[in-house]
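Contents: one structure, followed by commentary.
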Amino acid sequence: MTEVSSLTGRLLVAAPALTDPNFDRAVVLLLDHDEEGSLGVVLNRPTPVDVGDILEPWAGLAGDPGVVFQGGPVSLDSALGIAVIPGGEGPLGWRRVHGAIGLVDLEAPPELLAKALGSLRIFAGYAGWGPGQLEDELSEDAWYVVESEPGDVSSPRPEGLWRAVLRRQRGQLAMVATYPDDPLLN
């Protein structure tokens, strides 16, 4: 088995040619990536469901828009909390994933984290890949791998995140942001 270089904390940005409707123009934050597989959440799929409708205690801490995001096609009946906590050590109930980005224990009392949270997003479901599956997709140029920024998790305009992330890249990758929604209409 070949060694897997961890992409944890990086973004997967769907290439325009990716045909899976679950990931059309998706921006995925990788929360875990190793030889056993990969797990992430889609950052730009807000749902019409308010956080308060399913996790009322956390509603006041969720950033704008205060809705649940569809984190991916796997386990849509489960919830993940992702929060940005600036500074050093995070509070009890938060586990650092990469930089200032970490996972929130949604079973913990919200008041444990309230003062420390910079932003919070709630995701229903996640995106998952088995061993070697993501590497195969990367070799087929289905995804661009780019650095994440803490603001990606809490973007107030998640529907524009695909273009925004691509636009900040250098070189030809920035040009992909101008790719038309429907190339047949071009």
Side-chain angles (χ1 to χ4, degrees), residues 4-14 26-34 36-47 49-72 74-129 134 143-169:
V4 174
S5 177
S6 181
L7 299 176
T8 299
R10 304 209 41 211
L11 296 177
L12 298 178
V13 181
V27 177
V28 177
L29 172 65
L30 283 175
L31 302 172
D32 193 24
H33 176 253
D34 58 27
E36 295 177 19
S38 304
L39 180 138
V41 290
V42 179
L43 297 178
N44 58 334
R45 295 279 192 275
T47 71
V49 179
D50 287 331
V51 171
D53 292 345
I54 61 163
L55 290 169
E56 193 278 323
W58 292 96
L61 298 175
D64 285 334
V67 298
V68 175
F69 283 67
Q70 184 174 340
V74 182
S75 294
L76 291 172
D77 58 346
S78 66
L80 286 170
I82 309 292
V84 174
I85 298 194
E89 290 299 311
L92 190 63
W94 180 80
R95 181 179 61 85
R96 185 176 314 281
V97 171
H98 177 76
I101 301 167
L103 287 165
V104 172
D105 177 0
L106 296 174
E107 299 294 322
E111 52 274 5
L112 279 180
L113 292 108
K115 290 181 182 176
L117 285 181
S119 64
L120 170 69
R121 283 273 159 88
I122 304 295
F123 297 89
Y126 62 90
W129 294 265
L134 178 58
W143 299 97
Y144 305 115
V145 179
V146 301
E147 294 297 324
S148 64
E149 295 180 2
D152 296 332
V153 172
S154 58
S155 173
R157 291 189 4 100
E159 64 281 351
L161 193 58
W162 186 83
R163 289 189 195 282
V165 168
L166 287 170
R167 236 182 246 117
R168 74 176 184 234
Q169 304 310 308

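In this chain, residues are counted from 1 in sequence order.
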Q: For residues L166 and Y144, determine if any side-chain heavy atom of one lies less than 4.5 Å from a side-chain heavy atom of the other.
A: yes
Q: Measure the spacing between CG of N44 and CD of Q70 and express it to the nearest 0.5 Å.
A: 11.0 Å
**Q.** Heavy-atom side-chain proximity of V145 to L7 below 4.5 angstrom
**A.** yes
Validation: residues 52-63 side-chain donor-acceptor distances under 3.5 Å, sequence neighbours left out:
{"from": "W58", "atom 1": "NE1", "to": "L106", "atom 2": "O", "distance (Å)": "3.3"}

Q | T8/L31 under side chain to side chain contact (heavy atoms under 4.5 Å, CB included): CA gap, chis, key distance, verdict | A | CA-CA 5 Å; T8 299; L31 302 172; 5.9 Å; no
Q) So do V49 and V67 actually touch side chain to side chain, heavy atoms under 4.5 Å? A) no
Q. If you measure from CD1 on I82 to CZ on F123, what distance do you get to the nearest 0.5 Å?
A. 6.0 Å
Q) When rounded to the nearest 0.5 angstrom, what is the spacing between CG in L80 and CD1 in I122? A) 9.0 Å
(Q) Looking at R96 and E89, is any side-chain nitrogen of the basic one under 4.0 Å from a carboxylate oxygen of the acidic one? (A) no
Q: Taking T47 for its side chain and V68 for its backbone only, find out whether a donor-acceptor pair lies under 3.5 Å.
A: yes
Q | S6 and D34, any side-chain heavy atoms less than 4.5 Å apart | A | no
Q. How close do H98 and S148 get, heavy atom to heavy atom, and via which atoms?
A. CD2-OG, 4.0 Å
Q.
Using modelled atom types and a 3.5 Å cut-off, is there a donor and acceptor pairing between side-chain atoms of W94 and backbone atoms of L113?
A. no
Q) Measuring from S119:OG to I101:CD1, what's the distance to the nearest 0.5 Å? A) 8.5 Å
(Q) To the nearest 0.5 Å, what is the distance between CD on Q169 and CD on E147? (A) 8.5 Å
Q) Where do V41 and G125 come nearest, in terms of heavy atoms and distance? A) CG1-O, 4.2 Å
Q.
If you compare all heavy atoms of V165 against all heavy atoms of R168, which two are closest, and at what distance to 0.1 Å?
A. O-CG, 3.2 Å
Q: Evaluate the criterion side chain to side chain contact (heavy atoms under 4.5 Å, CB included) for residue pair V84 and V153; output intermediate values, then yes/no.
A: CA-CA 8 Å; V84 174; V153 172; 4.2 Å; yes
Q: Measure across G9 and L29 and return the closest heavy-atom pair with its distance rounded to 0.1 Å.
A: O-CD1, 3.7 Å
Q: Mind listing the closest non-hydrogen atom pair of S155 and P65 along with its distance?
A: O-CD, 4.5 Å
Q) Roughly how far, to the nearest 0.5 Å, is CG of L43 from CZ of R45? A) 10.5 Å
Q) Given the rule in the side chain to side chain contact (heavy atoms under 4.5 Å, CB included) test, do L30 and S38 qualify, once you have shown the distances and angles that lead to the verdict? A) CA-CA 7 Å; L30 283 175; S38 304; 4.3 Å; yes
Q) Any side-chain heavy atom of L103 sitting closer than 4.5 Å to one from V97? A) yes
(Q) Restricting to non-hydrogen atoms, name the atom on H33 and the atom on L134 that form the minimum distance, rounded to 0.1 Å. (A) CD2-CD2, 3.9 Å
Q: Just say parallel, tilted or perpendicular for the rings of W129 and W143, cut-offs at 30° and 60°.
A: perpendicular
**Q.** Residues R121 and D152 bridged, charged N to O under 4.0 Å
**A.** no
